[in-house]
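These figures come from a predicted structure and were not determined experimentally.
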Amino acid sequence: MSFEWFVSRRYLRAKRKQKFISLISVISIAGVAVGVMALIVVLSVYTGFTEGLRDQIIGINSHILVQHYGMNLLHPDEMRKEIESVPGVAATTPYIYGQALISTGENSGGIVLRGIDPTTAGEVINIGREMKSGTLADLGRAGDLPGIIIGRELARQLGVLQHNKVRLISPDGPLSPMGVLPKIRTCEVVGIFETGMFEYDSTLGFITLETARSLGGFDEGVHGIEVRVADVEQADRVAVALQEKLGRGYSVRDWMQLNQNLFAALKLEKAGIFIALDLIILVAALNIISALIMVVMEKNRDIAILKSMGATTGSIMRIFFYQGAVIGFTGMSLGVLGGLSLCAILKRYQIIELPRNVYPMSTMPIKVVPFA
């Protein structure tokens, strides 16, 4: 053991006349520990919230959208085979987007319609997991009336339940001397889903491709292909590979591009929180510096004795550097231990509940990601 380390350890031990300095050291350790613990907990909550929001968004949507500029895809089956030949693509399904007015006679509202293939849509989007009543397969079963799946909030606004009838009114109708005649289709509510996101639950509805074509006014083709990739974090690379394979006549957009404004804002807020918490740790570090300055002032006689015995200025500096390093390392270790423990408790027991009408999850999300 070097004498610098030996002396610094002796200085860390409190004596009767140095209780105040020892108290400052304890406060400095506590400051570092609290700052590190707050940094770990807040970033874990923010990471969990961001990934939870991402899972909610891309759960009801696909990872990649493929469209043809200026026209529908007339041969979706051939296009699907070509897309599925690209490495990283897990599944594909055709889709049709449209808007309409949904009415029950007493209540009405706007709805965004997604025409899907019930046999393949479940492999790409997670709508089947979000069903509260009915199943995705019920949408494809032929009956007297075409089926529709709507969100729970929209069902509440309309006052309908499963097996009730609704009317879809589309403005894409034939032109007559009186103007454009709307198309009206009566549908049966075969299922109700709930994603936890108000925007989807209050405005979104799923119908079959045939029903969507009849409302949209075209006989064949689809608007595009929805793609699910094997690794959601590699969706941008798969999108680039698809764009190169399909050529410039097609639009290929991944979930990062479709929601880039939202996730860019979340990333910026995360950086701001990280900076704010770093300032807390900086304040704790300044407390350590102030404690070391007071120790140096208290140890003037000891320093003079050490120098008279042959100690160099570098050795004296290392004594107090070791003392500050011990305080900082102890505070950091306690902070990491406390932060991870608190995250584990919050994740296991889900103590903090969130309002479902405000957040897309019911409890505080926690996810600890090393080196994030």
If I take atom [atom1] from residue [X] and atom [atom2] from residue [Y], how far apart are they, to the nearest 0.5 angstrom?
X      : Y      : atom1 : atom2 : answer
Gln323 : Ile327 : CD    : CD1   : 5.5 Å
Asn72  : Ile96  : CG    : CD1   : 7.5 Å
Leu158 : Asn107 : CG    : CG    : 6.5 Å
Ile149 : Ile207 : CD1   : CD1   : 11.0 Å
Glu194 : Leu154 : CD    : CG    : 13.0 Å
Ile60  : Glu199 : CD1   : CD    : 13.0 Å

Taking the side chain as everything from C-beta on, heavy atoms only, tell me whether [X] gets closer than 4.5 Å to [Y].
X      : Y      : result
Pro365 : Lys347 : no
Leu136 : Ile127 : yes
Asp254 : Val238 : no
Leu101 : Ile111 : no
Val66  : Val227 : yes
Ile366 : Thr47  : no
Glu226 : Leu65  : yes
Arg167 : Arg185 : no

| field | Residue pairs involving residues 118-129 (criterion side chain to side chain donor-acceptor pair (under 3.5 Å); sequence neighbours excluded) | value |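 Only Thr93-Thr120, Asp117-Thr119, Asp117-Thr120 qualify under side chain to side chain donor-acceptor pair (under 3.5 Å).
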Do any N or O atoms from the side chain of [X] and from the backbone of [Y] form a donor-acceptor pair under 3.5 angstrom?
X      : Y      : value
Trp255 : Asp236 : no
Gln260 : Ala264 : no
Asn300 : Met297 : yes
Lys367 : Val45  : no
Ser170 : Leu215 : yes
Asn164 : Val160 : no
Gln162 : Val190 : yes

Ring pair (Phe, Tyr, Trp, His ring centres under 6.0 Å) partners of [range], not counting sequence neighbours, each pair once:
range            : value
residues 222-245 : Phe218-His223
residues 95-135  : Tyr95-Tyr97
residues 278-304 : none
residues 52-88   : His68-Tyr250

Kindly give the heavy-atom pair with the smallest separation between [X] and [Y], and that separation in Å.
X      : Y      : answer
Ser85  : Lys245 : OG-CE, 3.2 Å
Val32  : Ile288 : CG2-CD1, 3.7 Å
Cys187 : Ile148 : CB-CG2, 3.9 Å

| task | Show the numbers, then the answer: is there a side chain to side chain contact (heavy atoms under 4.5 Å, CB included) between Ile150 and Val189? | result | CA-CA 7 Å; Ile150 61 176; Val189 179; 4.3 Å; yes
| task | Quick one: list whatever passes salt bridge (charged side-chain N to carboxylate O under 4.0 Å, His left out) with Glu84, sequence neighbours left out. | result | Arg80
Please identify each residue that fulfils side-chain hydrogen bond (donor to acceptor under 3.5 Å, both in side chains) with [X], with sequence neighbours left out.
X      : answer
Thr104 : none
Thr208 : Thr211
Glu188 : His163

| Glu78 bridged to Lys81 by N-O distance under 4.0 Å | no
| query | Does one hydrophobic cluster hold both Val42 and Leu282, with members joined at side-chain heavy-atom distances below 4.5 Å? | reply |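 No, Val42 does not connect to Leu282 through the hydrophobic network.
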| Linking I/L/V/M/F/W/Y whenever any side-chain heavy atoms sit under 4.5 Å apart, do Phe321 and Met332 land together? |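 In one cluster: yes.
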| remark: Contacts of Phe193 meeting ring-ring contact (aromatic ring centres under 6.0 Å, His included) (sequence neighbours excluded), chain-then-number -> Phe206
| Side-chain hydrophobic cluster, 4.5 Å single linkage: members besides Ile305 | Met309
| query | For Asn61 and Arg114, does a side-chain donor sit closer than 3.5 Å to a side-chain acceptor? | reply | yes
| Testing Thr195, Asp201, Ile192 for side-chain contact (heavy atoms from CB on, under 4.5 Å) with Glu153, which one passes? |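 Single side-chain contact (heavy atoms from CB on, under 4.5 Å) partner of Glu153 among Thr195, Asp201, Ile192: Asp201.
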| request: With sequence neighbours excluded, tell me which residues meet side-chain contact (heavy atoms from CB on, under 4.5 Å) with Val368. | output: Ser44, Leu340, Cys343
| Would Thr330 and Leu334 count as a side chain to side chain contact (heavy atoms under 4.5 Å, CB included) if you check the C-alpha gap in whole Å, the side-chain angles of each, and the deciding distance to 0.1 Å? | CA-CA 6 Å; Thr330 303; Leu334 293 176; 4.1 Å; yes
| task | Tell me, with the steps shown, if Glu269 and Tyr46 meet side chain to side chain donor-acceptor pair (under 3.5 Å). | result | CA-CA 9 Å; Glu269 291 180 3; Tyr46 211 86; 2.6 Å; yes
